[in-house]
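No hydrogens, no waters, no symmetry mates; every other heavy atom, side chains included, goes into these values. Quick caveat: nothing in here was measured; it's all calculated off a predicted structure.
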There are 2 protein chains.
Amino acid sequence: MKKYIPLLKNTLLFSGVGEDEISAMLSCLQARSGTYGKGEYVLRQGEHIGDIMVLVSGKLHVQCDDYWGNRSIISVIGVGEMFGESYAAPESGAVVNDVLAVEESVVMFFDIKRIITVCSSACRFHSLVVQNLFYALSEHNRKLIQKLGFMSRRTTREKLIAYLSEEAKRHNSSEFTIPFNRQQLADYLSVDRSAMSGELCRMRDDGMVEFERSRFRLL
Amino acid sequence: MKKYIPLLKNTLLFSGVGEDEISAMLSCLQARSGTYGKGEYVLRQGEHIGDIMVLVSGKLHVQCDDYWGNRSIISVIGVGEMFGESYAAPESGAVVNDVLAVEESVVMFFDIKRIITVCSSACRFHSLVVQNLFYALSEHNRKLIQKLGFMSRRTTREKLIAYLSEEAKRHNSSEFTIPFNRQQLADYLSVDRSAMSGELCRMRDDGMVEFERSRFRLL
DNA sequence: ATAAGTCTGTTGTATTTGCAACGATAGCGA
DNA sequence: TCGCTATCGTTGCAAATACAACAGACTTAT
């Protein structure tokens, strides 16, 4: 497990913690690791977990099958990313998605109770990890709230208005560059690309906005 | 501030902590309180905060104005509810919504740093509060993820399928009662009530589902 | 029992969307 | 330069949606 310490050093969870301290904390936190072959499930829908997980090798898919069997891929987890933090609390209830290894993968497990309850030996950086965990969760939370704000609008135009307003706020300017191309923006807002493209042009004709590729200006 | 201790005892943040311990922690956490008259802002969009807040009296609205001035009410905060936990971390960035007192209100402030970094005097229940905070955040997170899963579907039928599938999972049964009437469900899924009502009936005609008021059975 | 109010389903219409296809443009490497 | 690809706008059409209006079933207050 030691060989993954340099990698862990650069994760959000261990941000600001040195390699020596991480090494000490691995035993303090009683970290475990597991290997999953391609096609194996790391987590299954309905399962209850008590660990926060970090992928240290390979690639995972978060996916969901509905009652009638339609599958959709929610997100992709890459090396160094943390997952499970929203479902590790005791009363969390079951995980709602499957997590599948799409290639040979290694996952590290950290018991959430050992992270949250400060150890008696009081390793210096323990509280830093608790902070990091809190920060990661609250950041995740903010992004979800923001996205919900866009998606709760009824029409494509309203979604665009909400999104562009937010970007203008964020940049403190009515002129800004967004981090998406048209297809990505459409996926982000859950609308059809061509319909969105058309709506953008109509908004331009209505004198609400000017744009050039990913650069926008609100009027 | 002492008079609010019995109320705090029943909040999510202080769950499991006795009144005496809360009393001790108020000073340990250097809790502050503030009073807001009707129409006063508790938080304004663009502001940066470093406290977690609990409403101990009155009523607040979380609301949002877009670039063109359209206002929408996001949620209502009642007595005993916690807010601000998603924006209290140092690198959180600005709050994106306004929080307004819609009647005379009293809010208690808890410095997030003092909650997260365990105090040297090590009051016994401090780590319990950290746990509660984590649990509250992760629960909030799960609900947001779930709602996003419903809202990212394109059609009303797909949203209903996603929602009803989730409820069936949660109840471990294909038959269950939902906590919404038609209008509330439509608001929750961000669709038109009558269109949703029609779609539900078409799904029934297609043999996918049976229902009677708020009681559903998937087939 | 009556009246008022709530919840739900139904219908019709104008609007919006999803989808597929096509053309224009720009960037890039052979 | 030529072809290849990615991106973006545009169009036509079928499908889905929002919106308004209304009717029946049921609940509640008087």
Considering every strand and a 4.0 Å limit on heavy-atom distances, what is the contact class for A:Thr156: base, sugar-phosphate, or nothing?
sugar-phosphate
message: Between B:Arg193 and B:Asp187, does any side-chain N to carboxylate O distance fall below 4.0 Å?
response: no
When rounded to whole Å, the CD1 to P distance for the pair A:Ile178 and D:dT7 reads 13 Å
By nearest-nucleotide position on DNA chain C, the 5'-leaning member of A:Arg213 and A:Ser190 is A:Ser190
- [ ] Measure up the A:His171 and A:Phe176 rings against each other and bin them: parallel (under 30°), tilted (30 to 60°), perpendicular (over 60°).
- [x] parallel
- Query: Contact class for B:Arg193 (heavy atom, under 4.0 Å): base, sugar-phosphate, or nothing?
  - Reply: base
task = Please work out if A:Phe180 contacts a base, only the sugar-phosphate, or nothing of the nucleic acid, heavy-atom cut-off 4.0 Å.
result = nothing
Winner on side-chain proximity to B:Ser194, out of D:dG9, C:dG18, D:dC19, is D:dC19
Here the distance between atom C1' of C:dG9 and atom CZ of B:Arg182, to the nearest Å, is 9 Å
In whole angstroms, the gap separating P of C:dG18 from CZ of B:Arg157 amounts to 17 Å
From CD of A:Glu158 across to P of D:dC19 the rounded distance in Å is 8 Å
Of the candidates D:dC19, C:dT17, C:dG9, the side chain of A:Thr155 sits closest to C:dT17
note: A:Gln183, atom CD; D:dT5, atom P; distance rounded to Å ~ 18 Å
Checklist entry - For the rings on A:Phe180 and A:Tyr188, is their centre-to-centre separation under 6.0 Å? => result yes
Per atom distances to the A:Ala195 side chain, the nearest of C:dT17, C:dT8, C:dG9 is C:dT17
task: Tell me what B:Asn181 touches on the nucleic acid: a base, only sugar-phosphate, or nothing, going by heavy atoms under 4.0 Å.
output: sugar-phosphate
Distance-only polar pair, side chains of A:Lys59 and A:Ser105, donor-acceptor under 3.5 Å:
no
Item to complete: Would you sort out whether A:Glu167 and A:Arg170 count as a salt bridge (charged side-chain N to carboxylate O under 4.0 Å, His left out), showing the intermediate values?
Response: CA-CA 5 Å; A:Glu167 286 291 313; A:Arg170 196 163 68 84; 3.0 Å; yes
Testing D:dA18, C:dC19, C:dG9 for proximity to the side chain of A:Arg154, the answer is D:dA18
note: B:Arg202, atom CZ; C:dT11, atom P; distance rounded to Å ~ 10 Å
A:Asp192 atom CG is separated from D:dC13 atom P, nearest whole Å, by 17 Å
Here the distance between atom P of C:dT8 and atom CD of B:Glu199, to the nearest Å, is 17 Å
